[in-house]
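Structure first, then comments.
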Amino acid sequence: MKSIKKVLMAIIVLLSGVAVQAQIKNAKTETVKIYGNCGMCKKTIEKAGNLKDVAEVNWNKETKIATITYNVEKTNQEEILKRIAAAGYDSKKNKASAAAYNALPGCCQYDRN
Ligand SMILES: [Cu+2]
């Protein structure tokens with residue numbers, strides 16, 4: 001029984017990988033640091049960065065590292081990070097405006113240096 005479980009797990013992992021690949025063509029995956037605090041930040045960051053079939057953002061609130069996968073023929077990392085900055089979140093090269101930052105809920109106003 002244990003080995004069946006392992007095989008099933010492996011199949012699920014494989015399928016979920018294939019699903020992302022099938023959605024985004026010419027995919028490139030990169031990681032980038034984006035400043036934020038909590039689960040709500042995660043939702044906002046990912047919603048701002050995601051673009052159907054073109055870009056997918058997965059932000060880890062513990063490490064503050066976003067894994068972005070995108071179609072290199074349709075967008076680039078800069079464009080994605082600009083959308084995220086417009087939603088109020090800084091990354092190294094793309095800072096959010098004061099207005100966008102101030103519009104974030106209090107719990108989401110991460111420390112800026
Ligand atoms: Cu937050």
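All ligand and atom numbering here is 1-based and tracks the order in the structure. This is a predicted model, so every value here is computed, not measured.
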Heavy-atom pair with the smallest gap, counting every atom of Tyr89 and Tyr35: CD2-O, 3.1 Å

Number of protein N/O/S atoms that sit closer than 2.8 Å to the Cu ion (ligand 1): 3

side-chain hydrogen bond (donor to acceptor under 3.5 Å, both in side chains) between Tyr70 and Glu79, worked out: CA-CA 11 Å; Tyr70 59 91; Glu79 267 183 23; over 6 Å; no

Main-chain N/O of Thr67 paired with Trp59 side-chain donor or acceptor, under 3.5 Å: no

Sidechain-backbone polar pair: Thr44 side chain, Met40 backbone, donor-acceptor under 3.5 Å: yes

Donor-acceptor under 3.5 Å (Lys64 side chain, Gly36 main chain): yes

Atom pair OG1 (Thr63) and CD1 (Ile34), whose distance is rounded to the nearest 0.5 Å: 10.5 Å

